[in-house]
Enquirer: 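This is the structure I have questions about; it appears just below.
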2 protein chains.
Amino acid sequence: MRPALNPSPRPTARDAIIDAAIRLWSRNPGATFSEVALHAGVGRATLHRHFRNRDDLLTVLAEICIEETNEAVATAIDRSASASRQLQRMFEAVIPLGDRYSFLYRAEIGDEHTTAEYRRQLDRVGTLVGELKAEGAVAADVPTAWVVAQIDQLIWTAWNEVASGRVAAADAAYLATRTLLHGLGKEEQP
Amino acid sequence: MRPALNPSPRPTARDAIIDAAIRLWSRNPGATFSEVALHAGVGRATLHRHFRNRDDLLTVLAEICIEETNEAVATAIDRSASASRQLQRMFEAVIPLGDRYSFLYRAEIGDEHTTAEYRRQLDRVGTLVGELKAEGAVAADVPTAWVVAQIDQLIWTAWNEVASGRVAAADAAYLATRTLLHGLGKEEQP
DNA sequence: ATCGTACGAGACATCTATGTATCATTTCTC
DNA sequence: GAGAAATGATACATAGATGTCTCGTACGAT
């Protein structure tokens, strides 16, 4: 049906498919089309009506994930703030999209455009790590690759713990930033 | 052929299959039998000669991973040492088995025995976190689930960074312990 | 050198997932 | 209420993965 004019349109079948596929495939990349349809609450024929094939759906999902994560980071980052403040803002923006962020490397999409975009995101994280080192928030002796890997995993772990209800959404970015910069030891008095 | 009596026997086809399957399926659980055979350097018929079917291989792998990770932890843990020392020793023991450790939850094995064993391992990690909190190495205000999740991911990340050559094997456990307890900020003078 | 064991390649059967198509039903718009 | 659009269920075709089997080859033990 054509998009309604009312202020809060009912999600279309296509939206339901996209959301269910990201959620399912970020955990279980081998899940079948039938399983995706089930999770989306639609018929398998409807999947085939909206997407030419599995590769088509994967490509569409990759574009959406790239766009959403890039936009979230661009909106959140204030270049005039300190690097550690930027880190926290980035966590705040990206953790709610943790499933989308990790979908980009877990789903084995493999086409060059997606790979290049994901690598660009990692490069930007690497640049931020350089700035964190320059301002002393991260020690210079720690391999940058290690810090980037930690940030990557913190995004997924935080999203997963929030999704599982074990951590409050409001606490996630703070816990992630604290874990990275200060660890989970007792906080000393300032 | 029957096992040789020489002190360092050539790895059998079965050993090659097991190692290749763990390595491949911990990253890409959807990989096919043909891909496993290729990675193992054997023919697909040889896979079928050693293992009844895909489920049989998965079950064997799960048993091996459980046994190796349990034995590594049991050997490394000195109950009389401090909790943070035990943490470092556990990291030293388990990180080289990071692919086996994460295979247990990534490969979607799903049988109750494997799930129970993995959960038992997580419970032991949770117990250690309790001890870390009791001795003040981890702050009491941090959710235990968050700390357990961080340890889980540190094992995989460390293994992956070592396997990729970006981090030296000798540094991995130290980086993991430091990241968890102190973070990656500049280390203050004692 | 011979025999036994293990293996690789390939053919074939079976199974599962995907892709295509059709028809009846439901939903939405006018 | 009528018509258009979208959907679900089902059947069928296709493709790929798995499982089985056979034969020739390689390797190890004697």
Side-chain angles (χ1 to χ4, degrees), chain A residues 1-62 64 103 106-111, chain B residues 1-62 64 103 106-111:
Chain A
M1 58 202 60
R2 277 169 294 181
L5 295 172
N6 58 9
S8 50
R10 186 160 61 89
T12 62
R14 186 185 157 93
D15 291 337
I17 292 165
I18 286 168
D19 208 62
I22 289 174
R23 200 177 300 271
L24 186 61
W25 277 342
S26 60
R27 291 178 185 283
N28 178 16
T32 67
F33 243 41
S34 298
E35 285 169 314
V36 173
L38 203 65
H39 274 76
V42 301
R44 192 169 65 82
T46 303
L47 254 71
H48 287 291
R49 204 165 276 123
H50 285 280
F51 304 96
R52 270 194 314 281
N53 51 35
R54 189 187 177 96
D55 274 353
D56 186 34
L57 177 52
L58 280 166
T59 302
V60 169
L61 295 181
I64 288 169
F103 173 86
R106 281 184 181 219
E108 303 281 317
I109 298 150
D111 74 289
Chain B
M1 56 201 63
R2 276 166 295 178
L5 295 172
N6 57 12
S8 51
R10 188 161 59 90
T12 63
R14 186 186 157 92
D15 292 336
I17 292 164
I18 286 167
D19 208 62
I22 289 174
R23 201 177 299 270
L24 187 61
W25 278 342
S26 61
R27 290 181 186 284
N28 177 14
T32 68
F33 242 40
S34 296
E35 286 168 314
V36 173
L38 204 63
H39 274 77
V42 302
R44 192 169 65 82
T46 303
L47 255 70
H48 288 290
R49 201 165 278 126
H50 285 279
F51 304 97
R52 274 196 311 283
N53 49 35
R54 187 186 179 97
D55 274 355
D56 185 34
L57 177 52
L58 281 167
T59 300
V60 169
L61 297 179
I64 288 169
F103 173 86
R106 280 182 178 220
E108 303 282 316
I109 298 150
D111 74 288

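Values below: every heavy atom of this structure, side chains too, minus hydrogens, waters and symmetry copies.
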Enquirer: Quickly work out the A/R44 CZ to C/dT22 P distance and round it to whole Å.
Expert: 16 Å
Enquirer: Nearest-Å distance, CG (B/L58) to P (D/dA17)?
Expert: 17 Å
Enquirer: If you look only at distance, which donor and acceptor atoms sit under 3.5 Å apart when one is on a side chain in residues 33-42 of chain B and the other is two or more places apart or in another chain?
Expert:
| residue | atom | partner | partner atom | Å |
| --- | --- | --- | --- | --- |
| B/E35 | OE1 | B/T32 | N | 2.7 |
| B/E35 | OE1 | B/T32 | OG1 | 3.3 |
| B/H39 | ND1 | B/E35 | O | 3.1 |

Enquirer: Is it true that a side-chain atom of B/W25 and a backbone atom of B/G30 form a donor plus acceptor pair closer than 3.5 Å?
Expert: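 No, B/W25 side chain to B/G30 backbone: no donor-acceptor pair under 3.5 Å.
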Enquirer: Would you kindly give the CD-to-C1' distance between A/E35 and C/dT18, to the nearest whole Å?
Expert: 13 Å
Enquirer: To the nearest 0.5 Å, what is the distance between CZ (B/R23) and CZ (B/F103)?
Expert: 13.0 Å
Enquirer: Using heavy atoms and a sub-4.0 Å distance, could you list which residues of residues 47-55 of chain B are near DNA chain D? By number, please.
Expert: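 Only B/H48, B/R49, B/R52, B/N53, B/R54 qualify.
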Enquirer: In whole angstrom, give the distance that lies between atom CZ of A/F33 and atom P of D/dA15.
Expert: 17 Å
Enquirer: Of all the choices, D/dT7, D/dG19, C/dC7, which nucleotide is nearest to the side chain of B/A13 once you look at every atom?
Expert: C/dC7
Enquirer: With respect to A/H48, which candidate in A/R44, A/H50, A/R52 satisfies the side chain to side chain donor-acceptor pair (under 3.5 Å) definition?
Expert: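 It is A/R44, the one option of A/R44, A/H50, A/R52 that forms the side chain to side chain donor-acceptor pair (under 3.5 Å) with A/H48.
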Enquirer: Any luck finding a side-chain donor-acceptor pair between B/D15 and B/T12 under 3.5 Å?
Expert: yes
Enquirer: Counting any heavy atom closer than 4.0 Å, what does A/G30 reach on the DNA or RNA strands: base, sugar-phosphate only, or nothing?
Expert: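 If one applies the 4.0 Å heavy-atom cut-off, A/G30 turns out to touch nothing in the nucleic acid.
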Enquirer: Kindly point out which of D/dT18, C/dA17, D/dT7 is positioned nearest to the side chain of A/T46?
Expert: D/dT7
Enquirer: Identify, between A/S34 and A/A45, the residue whose nearest nucleotide on DNA chain C lies closer to the 5' end.
Expert: A/S34
Enquirer: Partners of A/R54 by salt bridge (charged side-chain N to carboxylate O under 4.0 Å, His left out), sequence neighbours excluded?
Expert: none
Enquirer: Which whole-number value in Å describes the distance from A/L38 CG to D/dA9 C1'?
Expert: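 Going from CG in A/L38 over to C1' in D/dA9 covers 14 Å.
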